[in-house]
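A short worksheet on the structure shown next.
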Amino acid sequence: MSEQVDVIPLEAYIDDQAEKLTDLCTRCGKCVEVCPSIREGSPMLAEADPASVIGDVVDLLKGGSASNRASTWAETCTGSGECISHCPESINPRLMLSIALNRVRAHRSVRGENPTGDFYGRMSQIIKFAVGMQMSPVQYRRITGRAGNPERADVVFYLGCNVLRTPVIVFTAMDILDRLDVDYAVLGGTANCCGIIHYKFHGDARGAGKIGGNTVDKLAAFDPEKVLHWCPSCVLQFGETVKGFKPYPFEFQHFAHFLLSRLADFKGSFRPVARRLALHRHDGGLGIDRSVETILSAIPGVELLDFDEHEHWAYTCGPGGLNNVVDMRRAAHEQTVRSAVDAGADTLVTLYHTCHRDLCVFESRFPIGVHNWTEIVGEALGLPAHEDGYKRIKLHTEISAAIEDSREFIEANGLDPTMLEAMLPDLMAGRNEGLSLW
Ligand code: SF4
Ligand code: SF4
């Protein structure tokens, strides 16, 4: 299968997609009018003629240069998907914007001016530190698929890269699969990336095709019926951005959708959980928040509260989503936490790992606990709770205390504490606002 990637590079596939999309687009501007990242994040684009904004994107996709308007829109698109249902031609403007972003970043890389040109390297280093402070080498080998996997499995739990930073989610989700008696293997880590970083951050479509294609080959090697992904960025990358580029002999399904499909089998085992929950949502057209809501609603004792937040602003928190517009991110997080507290919630439930990384720090400022939804399901199933090491590290006010706290794992993983001490302040900067890189 990897031969196919060499014969039909992703650039050629994307060029073909771009031609089809731009031939259908009438430049009506409806997608511009409904776009939250334009409305909330870019006065320059909000004041421009919508038809000319999309016109610049169409020209870029047809091989033209990247105007300031096209670059700005592509780089601030939060993937909300609000444009999709408003397009009268039933084409996908979010897909057009992802191709535009690839072109913008490719042009910048050629000029040596792409500030996100080494994102994969930096991300890999951050993941190495975050993982190395929270788990043993044995656990790390297990969740990257280097140990403990069967030769074949009905299901592969595919983690992508970044959920590894929040092992509490990974290990709780695995405990749930164990409880359901699922025959599964695990694959995760930066060596098994979906390709989104190369595609959207580096502007390197060829690299994205290769790394994503290799991951599909590794998943297919388990001969699974289903691959359960966790990360919404992997969902978009495989299910939309490069959909059809490389066929795969299994079904992709999100972990939450899979659990919902099995809910009837296990909801009888739920114990009462006395919590007043505010479920943090993202729409993004993926339906994942709705599946989680249905699962949580089946837990006796749980009260799911209505509260106001901006679930239509982005498909996820984090890079490539809400992070693309810092002011929107800050406003959305404040709104989420304050309105959850005002609604009387005792627990703010995070949807994805990126949301968890951003929102868990608010525990120090507001009278509310922050937990991922998998933790609530684990609690209802009576599973032993995993410590949220990520939250523990991030809530430390003294870097040296965070390092001391993690010393056992730091030594076991051979990390350099001096380097960590030098890097952590930068990585954790802005943590009180939920704006840190870590
Ligand atoms: S996906 Fe959302 S943010 Fe991106 S262009 Fe469409 S409406 Fe705008
Ligand atoms: S709404 Fe659809 S047809 Fe109209 S400008 Fe946007 S992509 Fe083109």
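Whatever order the structure lists them in is the order used to number ligands and atoms, beginning at 1. Basis for what follows: all heavy atoms, side chains included, without hydrogens, waters or symmetry-related copies. Not measured: the values here are computed from a predicted model.
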Residues Arg330, Asp327: salt bridge by 4.0 Å N-O rule: yes

Any N/O/S atom of Ser37 sitting less than 2.8 Å from atom 2 (Fe) of ligand 1, backbone or side chain? no

Check each atom of ligand 2 against the heavy atoms of Glu89 and keep those under 4.0 Å away; list them by number with element. 3 (S)

Looking at Cys35, which atoms of ligand 1 are within less than 4.0 Å of one of its heavy atoms? 3 (S), 5 (S), 7 (S), 8 (Fe)

So if I count the atoms of ligand 1 from 1 in the order they appear, which ones are less than 4.0 Å from some heavy atom of Trp73? 5 (S), 8 (Fe)

Among all protein heavy atoms in this structure, tell me which lies nearest to atom 2 (Fe) of ligand 2, with the distance rounded to 0.1 Å. Cys87 SG, 2.4 Å

Can you tell me the protein heavy atom closest to atom 8 (Fe) of ligand 2 and the distance? Cys25 SG, 2.4 Å

Protein heavy atom at shortest distance from atom 4 (Fe) of ligand 2: Cys28 SG, 2.3 Å

May I ask you to identify the nearest protein heavy atom to atom 6 (Fe) of ligand 2, giving residue, atom name and distance to one decimal place in Å? Cys31 SG, 2.4 Å

So do the side chains of Leu187 and Arg146 get within less than 4.5 Å of each other, counting heavy atoms only? no

Within a distance under 4.0 Å of any heavy atom of Arg94, pick out the atoms of ligand 1 and give their elements. 1 (S)

Consider ligand 1: state whether an atom of it lies below 4.0 angstrom from any non-hydrogen atom of Val34. no

